[in-house]
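Dropping a structure here in structure tokens format, bear with me for questions.
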Amino acid sequence: MKTILLIEDEKHLSRFIELELRHASFAVTTASDGPSGLSLALREDWNVILLDLMLPGIDGLEICRQIRAVKKTPILILTARDSVMDRVSGLDNGADDYIPKPFAIEELLARIRVVFRRQEESSEDNKTMLSFQELSVNLDSREVRKGSEQVELTKREYDLLVAFLRNAGRVLTRETLLDIVWGFEAAVDTNVVDVYVRYLRNKIDAPGETSYIQTLRGTGYVMRR
């Protein structure tokens, strides 16, 4: 289970974020002031740290600097200070992202997923091939094959196939696929995922075969056969 440290002194907001993150299956620990937050951040290992800037005891920028001096833990700043200079200062002091308040919880979850996706992609940087049964993708040449036959895909179809290959056997919601392939800021509906899954199936599945991409009604898709 992914672990998240939330350092936020606004009690109602902290509790709301904590409950939403737990509902999304994250393990969450909270701190309500700078010193305790910094201590937890340095003492334990976290998958991501959510950090408010205006904290009692030690401000968020100083916490960010001290964490970054010894750890590479991803840090997402949450704050009502949303001027350009505030954002630049936060990023220059080691933050990985900056989310101004108020924000929608869906956006926060999407940005956290982006952080985790980057971590997973970074761990796979040395991989040049992805495969599942007869399907294979050369990430360097972007060549897609089914057995010995080359499969021609558009950019979106290719990105969608790579997402499924990297998560073979794992259920992916439409929202997750939208984040991975189109980006969380894309102004498109989740129905576009269904359209491109259909396009992709038409190119990688043969008539009469069980599809490589299975539909889970009301949930999303999974690559398995």
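Numbering starts at 1 and runs along the sequence shown.
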Do Leu165 and Val137 make a side-chain contact, defined as non-hydrogen atoms from C-beta onward lying under 4.5 Å apart?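 They are in side-chain contact.
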Check side-chain contact (heavy atoms from CB on, under 4.5 Å) between Gln150 and all other residues, then give those that pass, not counting sequence neighbours.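 Scan of Gln150 (side-chain contact (heavy atoms from CB on, under 4.5 Å), adjacent residues dropped) gives Glu143, Arg145, Glu152.
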Mind listing the closest non-hydrogen atom pair of Gly57 and Pro35 along with its distance? CA-CD, 3.8 Å
Give the intermediate values and the outcome of side-chain contact (heavy atoms from CB on, under 4.5 Å) for residues Arg111 and Asp179. CA-CA 9 Å; Arg111 292 187 185 232; Asp179 290 343; over 6 Å; no
Quick check: is Met223 connected to Leu216 through a chain of hydrophobic side chains (ILVMFWY, heavy atoms under 4.5 Å apart)?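 Leu216 and Met223: separate clusters.
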Can you label the angle between the Phe26 ring and the Phe116 ring as parallel, tilted or perpendicular, going by 30° and 60°?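 Tilted, since the angle between the ring planes falls between 30° and 60°.
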Taking atom types as modelled and ignoring hydrogens, do the side chains of Thr176 and Thr173 form a donor-acceptor contact shorter than 3.5 angstrom? yes
Is there a donor-acceptor contact under 3.5 Å linking the side chains of Thr215 and Arg201?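 Indeed, the side chains of Thr215 and Arg201 share at least one donor-acceptor pair under 3.5 Å.
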Shortest non-hydrogen contact from Phe132 toward Ala168: CD1-CB, 3.9 Å
Check this for me, if you would: do Glu107 and Arg113 make a salt bridge, where the nitrogen-to-carboxylate-oxygen distance has to be below 4.0 angstrom? no
CD1 of Ile49 to CD1 of Ile63: how many Å apart, nearest 0.5 Å? 9.5 Å
Are Leu109 and Val171 linked, directly or through intermediate hydrophobic residues, by side-chain heavy-atom contacts shorter than 4.5 Å (ILVMFWY only)?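 Different clusters: Val171 never reaches Leu109 through Ile, Leu, Val, Met, Phe, Trp or Tyr contacts under 4.5 Å.
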A side-chain contact here means heavy atoms from C-beta on lying under 4.5 Å apart; do Leu38 and Gln66 qualify?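 Counting from C-beta outward, Leu38 and Gln66 do come under 4.5 Å.
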On a heavy-atom basis, which atom in Thr210 and which in Asp205 lie closest, and how many Å separate them? O-OD1, 4.5 Å
Less than 4.5 Å apart, side chain to side chain, heavy atoms only: is that true for Leu76 and Tyr98? no
Between Lys155 and Asp159, is there a salt bridge with N-O shorter than 4.0 Å? yes
Contact list for residues 22-47, test salt bridge (charged side-chain N to carboxylate O under 4.0 Å, His left out), sequence neighbours left out: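 The answer is Glu18-Arg22, Asp45-Lys71.
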Flag this pair as yes if the NZ/CZ of Arg225 is under 6.0 angstrom from the six-membered ring centre of Tyr212 and inside a 45 degree cone about the axis; otherwise no. yes
Would Leu130 and Val162 count as a side-chain contact (heavy atoms from CB on, under 4.5 Å) if you check the C-alpha gap in whole Å, the side-chain angles of each, and the deciding distance to 0.1 Å? CA-CA 8 Å; Leu130 295 173; Val162 168; 3.9 Å; yes
Closest approach of Ser32 to Pro56 (non-hydrogen atoms, all atoms of both residues):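 That would be O-CG, 3.9 Å.
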Going through the checks in order, is the side-chain contact (heavy atoms from CB on, under 4.5 Å) test met by Ile17 and Glu20? CA-CA 5 Å; Ile17 295 173; Glu20 291 291 336; 5.8 Å; no
Within-4.5 Å side-chain heavy-atom neighbours: Tyr221 and Val197: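 A side-chain contact exists here, since the closest heavy-atom pair is under 4.5 Å.
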Tell me whether the count of non-hydrogen atoms from other residues, nucleotides or ligands lying under 6.0 Å of CD in Glu209 goes above 12.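 Counting other residues, nucleotides and ligands, CD of Glu209 exceeds 12 neighbours.
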Could you tell me whether Asp96 and Arg68 make a salt bridge, using a distance below 4.0 angstrom between a side-chain N and a carboxylate O? yes
With rounding to the nearest 0.5 Å, note down the distance linking CG in Leu21 to CG in Leu108. 6.0 Å
Among residues two or more places apart or on two chains, list those pairs meeting salt bridge (charged side-chain N to carboxylate O under 4.0 Å, His left out) that have a residue in residues 1-13.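 Of all non-adjacent pairs touching residues 1-13, those that pass salt bridge (charged side-chain N to carboxylate O under 4.0 Å, His left out) are Glu8-Lys101.
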Any side-chain donor paired with an acceptor under 3.5 Å for Thr128 and Asp140?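 No pair is found: no donor N or O on one side chain lies under 3.5 Å from an acceptor on the other.
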Side chain proximity check, Val222 to Arg170, heavy atoms < 4.5 angstrom: no
So among Phe164, Tyr158, Trp182, which one has a ring pair (Phe, Tyr, Trp, His ring centres under 6.0 Å) with Tyr196?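 Among the candidates, only Trp182 passes.
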Between Ala163 and Leu172, what is the shortest heavy-atom contact and its length?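 That would be O-CD1, 4.1 Å.
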Can you tell if the side chain of Thr3 reaches within under 4.5 Å of the side chain of Thr29, non-hydrogen atoms only?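 SC-SC contact between Thr3 and Thr29 ruled out.
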If you look at every heavy atom in Ser136 and Met129, which pair is closest and at what distance?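 Taking every non-hydrogen atom into account, CB-CE, 4.2 Å.
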Among Leu13, Ile7, Leu53, Leu50, exactly one meets side-chain contact (heavy atoms from CB on, under 4.5 Å) together with Leu78. Which residue is that?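 Answer to the side-chain contact (heavy atoms from CB on, under 4.5 Å) test with Leu78 among Leu13, Ile7, Leu53, Leu50: Leu50.
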For the CE atom of Met54 and the CG atom of Leu61, what is their distance to the nearest 0.5 Å? 11.0 Å
Linking I/L/V/M/F/W/Y whenever their side-chain heavy atoms sit closer than 4.5 Å, directly or via other members, would Tyr199 and Leu178 fall into one cluster? yes
State plainly whether one hydrophobic cluster holds both Leu5 and Val70, where clusters connect Ile, Leu, Val, Met, Phe, Trp and Tyr through side-chain heavy atoms under 4.5 angstrom apart.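 Looking at the clustering, Val70 is in the same group as Leu5.
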Can you measure from CD1 (Ile77) to SG (Cys64) and round to the nearest 0.5 angstrom? 5.0 Å
Side chains of Glu157 and Leu160, heavy atoms from C-beta outward: is any pair under 4.5 Å? no
When you group the ILVMFWY residues by side-chain heavy-atom contacts below 4.5 Å and let the links chain together, are Ile112 and Leu19 in the same group? no
Counting distance only, does the side-chain N/O of Asp59 pair as donor-acceptor with the main-chain N or O of Leu55 below 3.5 Å?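 Looks like no, no N/O pair under 3.5 Å.
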Does the side chain of Asn47 come within less than 4.5 Å of Pro74's, by heavy atoms? no
I need the Thr154 OG1 to Leu161 CG distance, nearest 0.5 Å. 10.5 Å
Reported CD1-to-CG distance for the pair Ile204 and Leu153, which is rounded to 0.5 angstrom: 8.0 Å
